[in-house]
Every structure is written in structure tokens, then in C-alpha cells.
Amino acid sequence: MATSKTFIQPLDRVAIALMVLLSLLIGFMILQGDVVAARVREFTWQNQKIGADDIAFTLNFSRPMDTESVEENLKIEPPLAGKISWAGRRMVYTLLTPAPYGTNYEVRLQDARDRFAIREGKNQIIQPFTGNFKSRDRVIMYIGSDSENYGQLVLYNLTEETKNIITPKDLIVMDFKAFPDGEKILFSARTSNNQDLLSAQLYTVTTGISAHPETAAEPAGRVDLVLDNQEYQNLKFDLSPDGKTIVVQRGNRKNPSDFGLWFMPTTSNNRQRPTPQRLQSEPGGDFMITPDSQAVAVAQGQGAAILPLQADATTPLDFLPQFGLVQSFSKDGSQAAMVKFNTDYTRDLFLVTNQGTQKPLLSTTGSILNCQFDPASPTLYCLLTQLISDEEYIEQPYLVAIDLNTGNQRPLLLLPIEQRNVQMSLAPDGLGLLFDQVMPQIDPVPLSANVLKTEDGEAIATSSLWLMPLLPIDDTSNTAIKPEKLPLIGFHPRWLP
């Protein structure tokens with residue numbers, strides 16, 4: 001009986017044929033050389049909406065690139081000054097200043113060359129690339145003082161010229177801070193039928209804005225209670241730069257000596273409201289959370305203390321006995337504007353760095369109301385007052401820009417004498433300054449009347465908002481900067497981040 005064996009099965013023949021074919025193709029490609037053009041695989045800002053905190057984008061390439069040819073041919077319209085760094089096939093473009101808000105940008109790259117192709121004497125160029133992104137709209141927030149939006153929180157989009165009222169009429173907003181992504185606002189408010197300025201509770205409200213184009217925004221106007229006033233009065237508050245922590249100055253309703261700072265997270269793991277925790281430390285005055293969101297600067301005793309945001313804060317991280325108030329921190333936390341109160345009732349403003357430098361900037365017989373660091377240049381914008389009458393103690397407010405490198409001052413605007421409760425806010429891109437012009441009530445106001453009041457308790461009759469465009473402090477042109485009155489009635493203006 002004969003048997004036959006088939007050493008090569010049909011499936012094996014197919015596999016062998018494919019292997020031979022692939023070998024021929026590989027050999028053909030080797031003989032032809034590299035014909036695959038380099039391209040941009042990823043652009044990290046593609047179709048994104050960026051803010052002042054977004055300082056760098058990345059281009060990832062499919063092949064190693066000739067860096068000089070990429071840098072020479074990279075175009076951004078409108079232009080954005082920056083510096084380039086490389087890590088293998090990845091190029092990082094870091095902005096020198098924040099991108100101006102309310103602008104659409106285009107990134108183009110063509111005629112850049114492949115590094116290996118150049119070595120082989122070939123002029124192989126990249127596939128043309130075009131990317132797009134935009135910066136956030138220029139949006140301001142303020143408290144309405146007209147009959148239509150009385151005491152309500154209002155958003156006004158300067159880019160699109162649209163207005164949106166986001167808090168209900170039964171809440172009178174007293175103060176507010178925006179979350180860094182601009183999607184929510186933390187605010188304190190009393191009910192419209194309660195005239196007690198110490199009855200504020202803390203809330204959050206959605207703005208109807210999404211920081212990420214791929215994610216739909218929550219509807220505007222959703223209000224959630226964050227902290228009630230049942231046992232403690234909520235006085236001042238601050239929101240950390242990362243939007244994760246709230247610090248509140250509170251006083252016990254039944255025990256006036258029980259007064260101090262509390263801290264709490266902005267979110268909770270469960271559906272219940274976050275629980276505040278006492279910051280165990282010496283009593284203090286004005287306070288501000290540090291840029292790293294890990295500590296709080298407090299006016300304490302005869303100086304300024306930096307306290308850790310933890311239950312036991314009895315040991316300060318730092319203490320500056322010569323300064324009585326921290327006015328502002330730079331964005332990176334390396335510098336602070338601090339106020340020294342002198343025995344002759346004058347005030348000095350100092351620039352204090354984390355390297356221990358203490359540089360005097362100015363001295364005034366009036367008050368140092370507010371100072372803010374420019375994110376785009378070494379400039380400090382300050383709202384000050386000067387004493388013009390010793391007998392009646394009349395102060396005149398004015399705005400000034402201070403060059404932090406040279407100490408030179410550039411007066412910006414002299415404000416009316418009666419404008420004692422002015423508030424200012426510097427735009428996140430450093431290109432504009434908001435301030436209000438509050439007109440106080442002249443006639444006596446009945447105690448039962450539901451009126452808006454300034455921080456020092458003065459009744460507000462009406463208020464207007466002004467926008468001042470800003471030029472670099474070293475601008476040598478004689479162009480006069482004139483503020484523009486906005487078609488809005490309100491006070492306490494702030495920019496949305």
C-alpha cells in the first residue's frame with residue numbers, strides 16, 4: 001500500500017509567496033531611497049481656545065528635522081513673539097507675552113527640510129502645514145447698579161458685544177472671584193430683603209463659557225450654595241489661583257472673639273458641600289493666597305506672615321516684620337508688591353523678591369489702594385491716592401505705571417476727588433485697564449431702603465465703567481492714553497481670566 005506525502009501545504013505556499021513579495025517591495029524601497037516626506041504629526045493648540053496661562057505650544061514631527069529651516073519658515077499670523085526649543089522631533093514654541101485676547105491665529109510651516117535628506121544631498125521638504133487656534137474672548141464682569149440689573153452679576157463680552165446677567169434678582173452680589181478656566185465664578189451675596197452687610201453666603205455660578213471647544217459649556221446662571229452663614233459670618237474671601245481652594249475670613253455670631261481664617265476645597269468627593277476647616281494661627285487682617293496656591297499671606301501683628309494652608313498654621317513659612325500688607329504677587333510668585341506703614345502716616349511701596357531683594361518704588365502721603373503686575377512686561381500698575389488737604393483729609397486717586405527695572409513712574413490718569421471707592425482690574429493679556437466711577441448717594445438713605453453699598457459702607461447712587469488701553473511703559477511716542485466710557489452701568493469691574 002503506497003502513501004503520498006505533500007511537504008508543502010497550500011497555506012504554506014501562500015505564506016511563502018507573500019514573504020517573497022514583501023522582500024521584493026522592501027528591496028525596491030531601499031533602492032529608491034526614502035521617499036516619505038516629513039510632516040507635522042501633532043499641533044497641541046489645534047482648534048484650541050487659549051488663555052493667559054497657556055504659554056507654549058508643541059509641534060511633533062514624523063521625522064528628524066533641520067531645526068534652522070523650521071525656525072526660518074515657521075509663521076504665526078498675527079505675529080506672537082516667542083522662543084523655540086527642541087527635544088528630538090519635538091519643537092516647543094514659548095510665548096514671551098500672553099496672546100492678546102479676542103484674536104484668531106494661524107500657524108503655517110512650509111519649505112522646512114528633513115535633516116537626513118540634507119545629509120544625503122537631497123532637498124526633501126516638509127508637507128505644508130497649517131494650524132489654527134484662538135484666544136479667549138475679552139470678557140468683563142461687574143455688579144449692575146441700574147434698576148434692570150440691580151445688584152446682579154453681569155458678564156459683558158467685549159469681543160462679541162453681548163451682555164449676560166448670570167445671578168438671580170433675589171441675591172445682591174457683594175464680591176466675586178472667577179475660576180481660572182472662566183467657567184464658574186465664586187461670589188458672596190446677601191438676599192435682597194436683608195440689609196445686613198455681614199449676612200453674606202458664598203455661592204458659585206456658571207458663566208456659560210467653555211474653556212475647551214470640544215466640551216459643551218454648562219448653561220449660564222446655575223447657582224450653587226458653597227458656604228452658609230448659620231453659625232459664622234463670612235467677611236472676606238479669596239480663591240486660589242489653581243481654583244481648588246477657598247480661604248474665608250469668618251466671625252462667630254455668638255462669640256466675637258472667635259474670629260479668623262478658614263480654608264476649604266472648592267469641590268467635594270461626594271454630593272455634599274465641602275466642609276471648611278479652621279486655620280489655626282494668630283488673628284490677622286487683609287490676606288491673599290500665594291500664586292502656588294499652597295499658602296496665604298496675612299497682615300498679622302506688625303508685619304506680613306506667610307502661612308501654610310493646613311490646619312496647624314501656628315508656625316509661619318515666612319514673616320516680614322517691616323511690611324504691613326501684601327498688595328499683589330507676580331504670576332510666578334517670584335515678586336511681591338508690599339506696603340510699609342510709616343510712623344509719620346506716609347506709606348512706602350516696595351518690590352520684594354524671593355531672593356531677598358527689597359526695592360523701594362514710591363512713597364505717598366495718601367493710600368496705596370491696589371497694585372497689579374503686568375503679565376507681559378516688568379511693569380506694576382498701581383491705584384494710589386495723594387493727600388491734597390490735611391485739614392479735611394481729602395485724597396485724590398490716580399493711576400500710575402512703574403517700570404520695575406528702572407523704577408521710573410509713568411502717570412496714567414488723574415481721577416476725580418469724589419471718586420474715593422474706585423476699583424481697578426488689569427486685563428489678563430496686559431492690554432487694558434478697567435476701573436469704575438462710583439457716584440455716592442447725596443441725600444440721606446432710609447435704613448429700610450435696599451441700596452447698594454461700597455466696601456466702606458457708602459450708599460451708591462450710580463456708577464459707570466471705563467476701559468483704558470495700555471501702551472508699553474517704554475513707549476517713546478507722545479500718544480495720549482485716553483480711557484473710554486463703556487455703555488454699562490455698574491461697579492466693581494473685573495476681567496474674566
Side-chain angles (χ1 to χ4, degrees), residues 40 42-59 71 73-84 91-110 128-142 155-164 178-183 207-217 220 331 372-377 379 381 401 425-434 465-475 477 479 481-484 486-488 493-497:
V40 174
E42 181 188 20
F43 171 43
T44 54
W45 281 1
Q46 181 64 31
N47 296 326
Q48 294 294 307
K49 185 181 291 185
I50 68 166
D53 291 333
D54 299 303
I55 60 172
F57 67 77
T58 300
L59 291 178
E71 295 174 16
N73 291 283
L74 182 68
K75 306 296 180 183
I76 304 176
E77 293 294 338
L80 286 174
K83 58 183 180 180
I84 295 175
M91 187 210 78
V92 179
Y93 192 90
T94 304
L95 305 185
L96 298 181
T97 60
Y101 276 32
T103 307
N104 294 319
Y105 294 92
E106 183 178 81
V107 178
R108 297 193 305 272
L109 180 61
Q110 57 185 19
F129 167 78
T130 300
N132 296 277
F133 66 95
K134 61 181 179 179
S135 55
R136 295 179 184 175
D137 290 347
R138 294 166 62 83
V139 180
I140 66 173
M141 312 167 285
Y142 65 94
L155 296 186
Y156 186 77
N157 189 316
L158 293 167
T159 303
E160 300 181 354
E161 297 184 348
T162 57
K163 185 170 74 171
N164 191 12
F179 281 75
D181 58 9
E183 295 184 354
T207 61
I209 296 172
S210 174
H212 309 284
E214 67 275 7
T215 304
K331 198 169 188 178
Q372 296 180 31
F373 286 88
D374 187 350
S377 68
T379 305
Y381 292 96
S425 177
L426 180 64
D429 58 7
L431 298 179
L433 197 65
L434 275 176
L465 302 179
W466 295 77
L467 173 60
M468 173 182 285
L470 295 176
L471 297 174
I473 195 171
D474 57 356
D475 188 279
S477 66
T479 304
I481 304 176
K482 295 182 178 180
E484 171 192 358
L486 299 175
L488 307 168
R494 293 289 183 270
W495 290 91
L496 197 68

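These numbers come from the heavy atoms of this one structure, side chains and all, not from hydrogens, waters or symmetry mates. Owing to the predicted nature of the structure, the values given are computational and were not obtained by experimental measurement.
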Non-hydrogen atoms of [X] and [Y] that approach each other most closely:
| X | Y | result |
| --- | --- | --- |
| Lys482 | Pro469 | O-CD, 3.8 Å |
| Leu431 | Pro100 | CD1-CB, 3.7 Å |
| Glu71 | Ile84 | CG-CD1, 3.5 Å |
| Ala376 | Thr97 | O-CG2, 3.2 Å |
| Pro375 | Pro428 | CG-O, 3.2 Å |
| Asn104 | Pro78 | O-CD, 3.3 Å |

Backbone of [Y] reached by a side-chain donor or acceptor of [X] within 3.5 Å:
| X | Y | value |
| --- | --- | --- |
| Glu183 | Ala217 | no |
| Tyr101 | Ala52 | yes |
| Arg136 | Pro497 | yes |
| Ser135 | Gly102 | yes |
| Thr44 | Thr58 | yes |

Partners of Glu160 by salt bridge (charged side-chain N to carboxylate O under 4.0 Å, His left out), sequence neighbours excluded?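 In terms of salt bridge (charged side-chain N to carboxylate O under 4.0 Å, His left out), with neighbours along the sequence ignored, Glu160 is linked to no residue.
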For Lys331, give me all partners under salt bridge (charged side-chain N to carboxylate O under 4.0 Å, His left out), at least two apart in sequence or on another chain.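 Salt bridge (charged side-chain N to carboxylate O under 4.0 Å, His left out) list for Lys331, sorted by chain: Asp53.
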As a quick check of understanding, evaluate side-chain contact (heavy atoms from CB on, under 4.5 Å) for Tyr142 and Leu434, giving each step before the final call. CA-CA 10 Å; Tyr142 65 94; Leu434 275 176; over 6 Å; no
According to the interplanar angle, ranging from 0 to 90°, do the rings of Phe57 and Tyr93 count as parallel (below 30°), tilted (30 to 60°) or perpendicular (above 60°)? parallel
List the steps and the verdict of side-chain contact (heavy atoms from CB on, under 4.5 Å) for Leu74 and Met91. CA-CA 11 Å; Leu74 182 68; Met91 187 210 78; 3.9 Å; yes
Contact check, side chains of Pro493 and Ile140, non-hydrogen atoms, under 4.5 Å: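 Side-chain contact under 4.5 Å: no.
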Side chain proximity check, Trp45 to Tyr105, heavy atoms < 4.5 angstrom: no
Any chance you could lay out the side-chain contact (heavy atoms from CB on, under 4.5 Å) test for Glu161 and Tyr156, step after step, and finish with the verdict? CA-CA 7 Å; Glu161 297 184 348; Tyr156 186 77; 3.8 Å; yes
Can you confirm whether Leu158 is buried at CG, in the sense that more than 12 heavy atoms of other residues, nucleotides or ligands lie under 6.0 Å from that atom?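 Count over threshold, so yes.
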Gap between atom [atom2] of [Y] and atom [atom1] of [X] - 0.5 Å precision:
| X | Y | atom1 | atom2 | answer |
| --- | --- | --- | --- | --- |
| Thr103 | Glu77 | OG1 | CD | 12.5 Å |
| Asn157 | Asp137 | CG | CG | 4.5 Å |
| Asp374 | Leu426 | CG | CG | 5.5 Å |
| Gln48 | Lys134 | CD | NZ | 11.0 Å |

Would Glu106 and Arg108 pass as an ion pair if we require N to O under 4.0 Å?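 Yes, Glu106 and Arg108 are salt-bridged.
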Can Asp429 and Arg138 be said to form a side-chain contact (heavy atoms from CB on, under 4.5 Å), step by step? CA-CA 9 Å; Asp429 58 7; Arg138 294 166 62 83; 3.3 Å; yes
